[in-house]
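Inspection log for the structure reproduced underneath, given as structure tokens.
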Amino acid sequence: MTAKHILNATGVVPGVAYAPAAWARPRPELPDPNSTISGDRTESEIERLQVAAGQVSDGLKERADHATGHAAEVLLATAKLALDKGWHRTAVKAIRGGSPAESAVVIAIDKFSDMLKSAGGLMAERVTDLEDVRDRVIARLRGEDEPGLPSISSPSILLAEDLAPADTATINPELVVALVTVLGGPTSHTAIIARQLGVPCIVAVGDALRDIPAGELLLVDGAHGTIELHPDEDGAVEAVRIGKELAEQVAKWEGPGRTADGEAVQLLANVGDASTARQAAGGVAEGVGLFRTELSFLSSELEPTIEQQAKAYDEVLKSFPNSKVVIRTLDAGSDKPLAFADLGHEDNPALGVRGLRISRSSGGLMERQLDAVAQAQSEANRDGAKTWVMAPMIATLEEATWFAELCRERGLTPGAMIEVPAAALLSHELMTVLDFVSIGTNDLSQYTMAADRMSPHLAHLTDPWQPAVLRLIDMTCRSGELTDTPVGVCGEAAADPLLACVLVGLGVNSLSAAPTALPAVGAQLAQVTKEQCRAAAEIAINSVDAASAREATAEALGI
Ligand code: PEP
Ligand code: MG
């Protein structure tokens, strides 16, 4: 018997697929921005640039004509960007200064990307689109095919370095049965779209993926993050059958969240505004575990008034009139800058004045937001239903005490995100002044592992399966037990069905995630007892690294 050849990486969308590999066409090698041309070619180079950009734009528009909804919007936006006057002007200037068209594109797009990156947040996300346009125009200038989706006529597993939004938006899930990328993280664009499409997806495989040739038969397991090369055919077909069965169980699962032996685990929704809350209310969510209030105000130039804020909160509260709703106070700064709560440039914004630190130092911003929440709570008339309020980035007992007093003065139930390691280490003390906590595993992983959650190169570190992160969660749960304080999880970890079992075993009593992720988590919890979860948790926190924690847990639970 030959040894199995398996690659392990970060699984972000569960599901099993067995099919041949197809590679996305690679990005073109970038030309030297310092190349020069002779003066007599200036006008013809400008024309070449305009023709190539026009071809890119037309091609994207044509694809938009055959797409609908979000996919069509993304394609049209990218088509428009290909003709954007701003970068074209800079490119033409570079050609007049002696650059060939290819180099001029690089110079112009680099300039605009730098501007967007320094603006940060959502603006920085546009850099991916701009770089996609750059790569397409360069390919056209060279007479090559544009990078991105290959033409696929039978079910395939799509392999890529990373995918541009314009490509992921047009994936046909009947033909692309799984997605695997060299780069990307659990929050990358590829992962988000794959989750929406329900296509099994694994990211951040690294260099080893590049060695897999097109046509190689692969068995991909999105729940376990494994890619098996040339698997045994019968075994692979059986794995796909079991995967389908699991998907059917998930589709049938209706809640509420509980383990096989009946231990309740509240399954709650992460929402960003009234419309996502209404959608969540139509599904299996038992309430809202994280309302990211800053997402309602990302484009507000001025601080919304108390009335405007109360209206936004009231609409979310009304979506779940009889259930728990956890409102998080503004988590401004770092990757979510708010114009009205901007304290200026910082070299290290993730470690800077963000979250509670901004709300506290911005002349009454926190107090006004809590006034608005209190007003919304009384207007929504939520008889007996719980409105909880928590602050992001709490790191000290003094901060927690200050926040708790402001909440209690307004009749609100105070809690905190546990997303800074200091808060986990001090969780016992924090719980003497707070009524609940919710663990933000996205930031807790980032700060515990000292690894930027936005970096595609560090996804193996910003992994909530890291034993160091699990131990901080364990510590928080122990404090919760000793002080009888509810402990929830509202980071991406709560969306991973296998990890959910470990979290419940550690003592977490509610899990909050994107509403689409909840059925898979609920169906998984329904298969295991609390005791099995406890045993799995013990194994996971004593594992040497994230991959072995995942593997040992799956084995212990027989999944
Ligand atoms: C987290 O950090 O895990 C979290 C839920 O907050 P956000 O992702 O909004 O920073
Ligand atoms: Mg956070």
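Remember, it's 1-based here, ligands and their atoms both numbered in the order they're listed.
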Task: E419: numbered ligand 1 atoms lying under 4.0 Å from its heavy atoms - done: 1 (C), 2 (O), 6 (O)
Task: Test of proximity, E492 against ligand 1: N or O pairs below 3.5 Å - done: no
TODO: May I ask whether M417 places a heavy atom under 4.0 Å from ligand 1?
DONE: yes
Open item on the list: Just by distance, no angles: are the side chains of Q369 and T329 close enough, under 3.5 Å, to form a donor-acceptor pair?
Closed with: no
TODO: Using modelled atom types only, decide if a donor and an acceptor are shared between the side chain of T181 and the backbone of A160 within a distance under 3.5 Å.
DONE: no
Open item on the list: Side chain, backbone, both or neither: which applies to R453 and ligand 1 if a contact is any heavy-atom pair less than 4.0 Å apart?
Closed with: side chain
TODO: Report the part of L290 (side chain from C-beta onward, or backbone N, CA, C, O) that has a heavy atom under 4.0 Å from ligand 1; answer both or neither where that applies.
DONE: side chain
Task: ligand 1-proximal atoms of I439, by part, heavy-atom distance under 4.0 Å - done: neither
Task: Sub-4.0 Å heavy-atom approach of R328 to ligand 1 - done: yes
Task: Exam field: side chain S359 to backbone L356, donor-acceptor pair closer than 3.5 Å - done: no
Open item on the list: Any N/O/S atom, side chain or main chain, of D443 closer to the Mg ion (ligand 2) than 2.8 Å?
Closed with: yes
Open item on the list: Need the ligand 1 atom indices (1-based, order shown) with element for anything under 4.0 Å from a heavy-atom of G491.
Closed with: 3 (O), 5 (C)
Open item on the list: Tell me whether R292 has any N or O atom under 3.5 angstrom from an N or O of ligand 1.
Closed with: yes
TODO: Output all residues satisfying ring-ring contact (aromatic ring centres under 6.0 Å, His included) with W388, sequence neighbours left out; order by chain, then residue number.
DONE: F436
TODO: Keeping the roles fixed (side chain from Q446, backbone from R453), state whether a donor-acceptor pair exists under 3.5 Å.
DONE: yes
